[in-house]
Amino acid sequence: YANPYAVYEQLVAFDAERRDLEIYFQSTITDNGQVRFITDFNEANYFVDNVDVRRVNVQATDPTTLHKIFINELTTAQSFTLPTGCWSDMSGVVSAGGTSFTLQPYTSKLYYKVTDNQCGTQSSTGSLGAKVFLGGCLNWTNYTMNDGLRSAGMIPSTEPYTAMGYTMENPGATVGSTVLNTTGNSAPVDWVMVELKNATGGYPVAARRACLVRRDGTVITPDGNPVITFATTTTVGKHLVIHHRNHLGVMSGSALATNGQIIDFTVTTTGVYGTDALQVSGSRRALYSGNVNSDGQVKYTGTSNDRDGILTAIGSTTPTSSVNGYRREDVNMDGITKYTGTNNDRDPVLNIIGGTTPTGVRLQQVP
């Protein structure tokens with residue numbers, strides 16, 4: 001605006017969700033500007049924070065050169081070719097210009113432009129989506145997990161799996177306050193480890209990434225994205241494994257067939273590796289809890305059993321004691337490790353191995 005007395009208004013909708021917003025004003029004058037925030041609603045409270053006003057130089061771009069949508073309106077599969085440049089699809093897979101791909105009848109695919117140097121470093125990436133329930137904190141009536149660790153502020157901001165000795169693609173990954181402050185069914189429950197195994201003899205590990213799982217079972221990246229992208233390997237042709245620090249892991253029964261494929265371990269229709277690999281109730285499934293010492297088995301008695309770990313955590317001599325904190329001995333993930341009493345962590349270990357035979361052992365079905 002050239003008129004120093006001009007007022008420009010930008011209407012912005014707001015609700016209970018926290019959002020980031022950028023607004024650009026174009027002007028030819030050099031006088032100082034003023035920004036005012038006004039609400040037209042009679043709400044008791046609303047919040048605007050981290051406001052930053054600065055002078056910037058911007059250049060208009062043609063959006064048609066930055067985004068391409070390919071549509072197959074025919075009854076047969078059709079081949080398309082990306083234009084010059086470097087492009088990413090909505091799953092985060094980067095492809096160079098000239099790459100051909102096939103669209104099935106009546107389908108479409110969207111690409112957006114990325115910096116050209118990404119094609120040299122990310123052409124071998126792949127992505128996937130996953131859902132999983134942790135049996136230790138699952139409500140089997142409404143099929144949501146409790147987020148007691150999050151609400152108590154106990155979920156660590158840095159992933160725990162590197163410290164446990166695992167080699168990660170994203171070692172030291174951190175989760176921000178925006179994700180940790182999310183409530184409802186999208187609230188994070190805890191860190192999980194997403195692993196890819198090659199479909200060859202012995203199923204060697206191809207890559208691992210630290211992620212989180214939400215109350216509804218959706219696995220997300222530390223920044224809240226349900227699309228999990230691997231930086232060092234493709235996902236197609238590999239088995240998906242989900243691990244948790246005090247649950248038995250699970251592996252998909254077949255290799256991923258397409259990039260961006262979503263594997264839902266929470267339903268009984270998804271094929272998994274091994275026998276009795278998941279805890280089942282009706283049409284729903286969850287990881288077995290009780291793997292307190294993270295050795296791939298749940299034991300109530302004998303050498304390296306998981307019951308003793310709970311007793312040791314509370315002090316060994318007073319079984320009625322309890323201890324708070326983010327611990328592997330906290331089988332039900334409520335932030336309190338207990339050996340006896342209501343909501344104790346010892347009983348679930350016995351239940352997982354069968355309840356009636358304390359010498360039984362539950363083995364993880366991951367090669």
Side-chain angles (χ1 to χ4, degrees), residues 132-138 149 154-156 159-168 171 189-197 202-213 219 239-252 265 272-280 285-316 319 323 325-334 336-339 344-367:
V132 70
F133 284 143
L134 306 178
C137 60
L138 179 63
L149 294 177
M154 293 181 181
I155 296 179
E159 57 88 10
Y161 294 103
T162 297
M164 293 172 63
Y166 294 100
T167 300
M168 313 297 294
V189 173
D190 197 6
W191 289 93
V192 293
M193 183 168 64
V194 180
E195 181 179 77
L196 292 176
K197 281 181 172 286
Y203 300 96
V205 174
R208 301 186 181 102
R209 293 192 71 83
C211 295
L212 295 104
V213 63
V219 179
H239 290 262
L240 171 64
V241 183
I242 303 293
H243 291 283
H244 181 260
R245 58 196 175 89
N246 65 7
H247 285 64
L248 299 180
V250 64
M251 186 172 90
S252 61
F265 289 116
V272 295
Y273 180 90
T275 302
D276 199 14
L278 292 163
Q279 189 174 0
V280 181
R285 299 188 299 195
L287 300 187
Y288 284 112
S289 63
N291 186 23
V292 170
N293 53 20
S294 303
D295 62 352
Q297 57 183 354
V298 178
K299 298 176 65 178
Y300 191 77
T301 62
T303 305
S304 300
N305 72 72
D306 298 286
R307 175 177 57 90
D308 286 347
I310 300 171
L311 184 60
T312 301
I314 63 170
S316 298
V323 61
Y326 184 78
R327 308 182 62 98
R328 281 183 282 178
E329 297 87 1
D330 178 20
V331 176
N332 59 19
M333 300 172 62
D334 62 356
I336 307 171
T337 301
K338 300 175 64 176
Y339 190 78
N344 72 72
D345 299 288
R346 174 177 56 89
D347 287 345
V349 176
L350 182 60
N351 292 335
I352 288 302
I353 64 170
T356 57
T357 307
T359 56
V361 179
R362 175 75 62 184
L363 296 177
Q364 177 173 274
Q365 300 296 293
V366 177

Q | Beyond-backbone contact of L350 with P358, side-chain heavy atoms, under 4.5 angstrom | A | yes
Q) Between Q365 and D276, is any pair of side-chain heavy atoms under 4.5 Å apart? A) no
Q.
Determine whether D347 and Y339 satisfy the following criterion, side chain to side chain donor-acceptor pair (under 3.5 Å), listing intermediate values before the conclusion.
A. CA-CA 8 Å; D347 287 345; Y339 190 78; over 6 Å; no
Q: State whether D190 and R245 are salt-bridged, where the test is any N-O pair (Lys NZ or Arg NE/NH1/NH2 against Asp/Glu carboxylate O) under 4.0 Å.
A: yes
Q. So, for C211 and V194, which heavy atoms are closest and what is the spacing to 0.1 Å?
A. SG-CG2, 3.8 Å
Q. Counting only N and O atoms by type, is there a donor-acceptor contact under 3.5 Å from the side chain of D308 to the main-chain atoms of N305?
A. no
Q: Apply side-chain contact (heavy atoms from CB on, under 4.5 Å) to the pair S304 and N293, showing each step before the final yes or no.
A: CA-CA 8 Å; S304 300; N293 53 20; 4.1 Å; yes
Q) How many angstroms lie between atom CG of L287 and atom CG of N246, to the nearest 0.5 angstrom? A) 10.0 Å
(Q) Going by the rule side chain to side chain donor-acceptor pair (under 3.5 Å), which residues pair with D334 if we only count those two or more places apart in sequence or in a different chain? (A) none
Q: Can you measure from NE2 (H247) to CG (N291) and round to the nearest 0.5 angstrom?
A: 9.5 Å
Q: Walk me through it: do Y273 and V366 pass the test side-chain contact (heavy atoms from CB on, under 4.5 Å)?
A: CA-CA 7 Å; Y273 180 90; V366 177; 5.9 Å; no
Q.
Do V132 and V213 have side chains that approach each other closer than 4.5 Å (heavy atoms only, starting at C-beta)?
A. yes
Q: Take T167 and R208 through the side chain to side chain donor-acceptor pair (under 3.5 Å) test and state the conclusion after the steps.
A: CA-CA 7 Å; T167 300; R208 301 186 181 102; 5.0 Å; no
Q | Main-chain N/O of P367 paired to K197 side chain as donor or acceptor, under 3.5 Å | A | yes
Q.
Salt bridge or not between D306 and R346? Use side-chain N to carboxylate O under 4.0 Å.
A. no
(Q) Counting the benzene-type ring for Trp, do Y203 and H239 have ring centres under 6.0 Å apart? (A) yes
Q. Is it the case that R307 places NZ or CZ above or below the six-membered ring of Y300, under 6.0 angstrom from the centre and within 45 degrees of the axis?
A. yes
Q. Does the side chain of P171 reach to within under 4.5 Å of the side chain of Y166, using non-hydrogen atoms?
A. no
Q: Of all the heavy-atom pairs spanning R362 and I352, show the shortest one and how long it is.
A: NH2-O, 3.0 Å
Q.
I need the minimum non-hydrogen distance between A313 and T337, along with the two atoms involved.
A. CB-CG2, 4.2 Å
Q. Hey, mind stepping through M164 and R328 against side-chain contact (heavy atoms from CB on, under 4.5 Å) and telling me if it holds?
A. CA-CA 11 Å; M164 293 172 63; R328 281 183 282 178; 4.0 Å; yes
Q) Which heavy atom in A210 sits nearest to a heavy atom in M168, and how many Å separate them? A) N-CE, 3.3 Å
Q.
Would the distance check show the side chain of Y288 and the main-chain N or O of L278 forming a donor-acceptor pair, the cut-off being under 3.5 Å?
A. yes
Q | Point-to-point distance, once rounded to the nearest 0.5 Å, from CG of D345 to NZ of K338 | A | 8.5 Å
Q.
Between E195 (side chain only) and M193 (backbone N and O only), is there a donor and an acceptor less than 3.5 Å apart?
A. no
Q) Does a side-chain heavy-atom distance below 4.5 Å link V272 with R285? A) yes
